[in-house]
Amino acid sequence: QLQLVESGGGLVQPGGSLRLSCAASRFTLDDYAIGWFRQAPGKEREGVSCISNSGSSTYYTDSVKGRFTISRDNGKNTVFLQMNSLKPEDTAVYYCAARRRCNISSPRSYNYWGQGTQVTVSS
């Protein structure tokens, strides 16, 4: 079974940057589209970004466009989420998830999930 592990979260001040990583094991990641989702306490899980298996297509929720960049290095079996100009409203647990095709609006449709990494944006 595909296993995913997120890393790179932490505490940053508003305007700062973080780079999240999603590393896969057991299977090669290029068979899967990878989405990033986030969930703040008391709020619904929200789709943030997704990248197709080939890397040819990327998707972003409107609130992060121009600030976040998703990329993948299939040779390293890893997907990245570069987060710049972070805002307090970006604070959440961030998860990566895999399925055959991107669908940023449907987290329930993703088959595999990592354990999550905490991102806190605060002064």
Side-chain angles (χ1 to χ4, degrees):
Q1 189 174 76
L2 179 67
Q3 296 179 347
L4 303 173
V5 178
E6 303 96 333
S7 62
L11 174 65
V12 296
Q13 294 185 341
S17 297
L18 286 172
R19 190 192 193 201
L20 305 184
S21 298
C22 175
S25 63
R26 303 293 300 277
F27 296 91
T28 54
L29 201 55
D30 61 2
D31 290 335
Y32 299 93
I34 300 296
W36 285 97
F37 299 82
R38 64 188 182 188
Q39 188 165 24
K43 297 184 178 180
E44 296 179 354
R45 187 166 296 188
E46 174 190 25
V48 176
S49 185
C50 190
I51 187 166
S52 64
N53 63 327
S54 68
S56 62
S57 299
T58 59
Y59 307 89
Y60 301 91
T61 191
D62 286 344
S63 64
V64 308
K65 287 180 179 177
R67 300 189 297 121
F68 291 10
T69 302
I70 191 169
S71 62
R72 67 191 301 156
D73 185 341
N74 286 338
K76 296 181 179 179
N77 235 21
T78 303
V79 170
F80 304 96
L81 185 68
Q82 179 67 46
M83 306 187 297
N84 298 327
S85 302
L86 284 162
K87 303 175 181 179
E89 52 262 44
D90 296 318
T91 296
V93 177
Y94 282 70
Y95 301 88
C96 66
R99 57 169 286 167
R100 294 296 183 180
R101 299 178 181 88
C102 280
N103 187 347
I104 198 171
S105 65
S106 182
R108 292 183 178 180
S109 69
Y110 282 72
N111 305 111
Y112 308 101
W113 291 84
Q115 84 290 348
T117 186
Q118 177 71 48
V119 172
T120 302
V121 185
S122 176
S123 60

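For Lys65, the salt bridge (Lys or Arg N to Asp or Glu O under 4.0 Å) partners two or more places apart in sequence, or in a different chain, are Asp62. Residues satisfying the side chain to side chain contact (heavy atoms under 4.5 Å, CB included) criterion with Thr58, sequence neighbours excluded, are Ile51, Tyr60, Ile70. Remark: Thr69 engages no residue in a side-chain hydrogen bond (donor to acceptor under 3.5 Å, both in side chains) (not counting sequence neighbours). Listed by chain and residue number, Tyr95, Gln118 satisfy the side chain to side chain contact (heavy atoms under 4.5 Å, CB included) test with Val93 (two or more places apart in sequence, or in another chain). Residues satisfying the side-chain hydrogen bond (donor to acceptor under 3.5 Å, both in side chains) test with Ser105, not counting sequence neighbours, are Asn103. For Arg45, the side-chain hydrogen bond (donor to acceptor under 3.5 Å, both in side chains) partners two or more places apart in sequence, or in a different chain, are Gln39. Shown here are the salt bridge (Lys or Arg N to Asp or Glu O under 4.0 Å) partners of Arg99, two or more places apart in sequence or in another chain: there are none. Residues forming a salt bridge (Lys or Arg N to Asp or Glu O under 4.0 Å) with Arg100 (at least two apart in sequence, or on another chain): none. Under the rule for a side chain to side chain contact (heavy atoms under 4.5 Å, CB included), the partners of Ser57 that lie at least two apart in sequence or sit in another chain are Ser52, Tyr59. Applying the side-chain hydrogen bond (donor to acceptor under 3.5 Å, both in side chains) rule to Asp90 yields the partners Arg38, Arg67; only residues at least two apart in sequence or on another chain are considered.
Within the structure, ring-ring contact (aromatic ring centres under 6.0 Å, His included) contacts touching residues 100-123 (residues at least two apart or in different chains) are Tyr32-Tyr112, Phe37-Tyr110, Phe37-Trp113. Counting only residues at least two apart or in different chains, disulfide (SG to SG under 2.5 Å) contacts with residues 58-97 comprise Cys22-Cys96.
Considering all non-hydrogen atoms of both residues, Ser123 and Pro14 come closest at N-CD, 3.7 Å. When all heavy atoms of Glu46 and Ser63 are compared, the closest pair comes out as OE2-OG, 4.0 Å. Between Gly9 and Thr117, the shortest heavy-atom contact is N-OG1, 3.2 Å. For the residue pair Ile104 and Ser49, the shortest heavy atom distance occurs at CD1-N, 3.3 Å.
Using a 4.5 Å heavy-atom cutoff, the side chains of Asn77 and Ser25 are not in contact.
Side-chain heavy atoms closer than 4.5 Å link hydrophobic residues (I, L, V, M, F, W, Y) into clusters, and following such links, possibly through other members, connects Trp36 to Leu2. Both Val79 and Leu18 sit in one connected hydrophobic cluster of ILVMFWY residues. Membership requires side-chain heavy atoms under 4.5 Å apart, directly or through other members. Criterion: ILVMFWY side-chain heavy atoms under 4.5 Å apart, direct or through other members. Under it, Phe80 and Tyr94 are not part of a common hydrophobic cluster.
Side-chain atoms of Glu6 come within 3.5 Å of backbone atoms of Gly116 as a donor-acceptor pair (strictly under, hydrogens ignored). At distances below 3.5 Å, at least one donor-acceptor pair connects side-chain atoms of Thr91 with backbone N or O atoms of Val121. Side-chain atoms of Thr78 come within 3.5 Å of backbone atoms of Lys76 as a donor-acceptor pair (strictly under, hydrogens ignored). Side-chain atoms of Gln115 never come within 3.5 Å of backbone atoms of Val5 as a donor-acceptor pair (strictly under, hydrogens ignored).
By the 6.0 Å contact criterion, CD on Glu44 is open, its count of non-hydrogen atoms from other residues, nucleotides or ligands being 12 or less.
Rounded to the nearest 0.5 Å, atoms CZ (Arg101) and OG (Ser109) are 11.5 Å apart. The distance from atom CD of Gln13 to atom OG1 of Thr120, rounded to the nearest 0.5 Å, is 13.0 Å.
Here the rule is side chain to side chain contact (heavy atoms under 4.5 Å, CB included) with Met83, and of Val119, Val64, Val12 only Val119 fits it.
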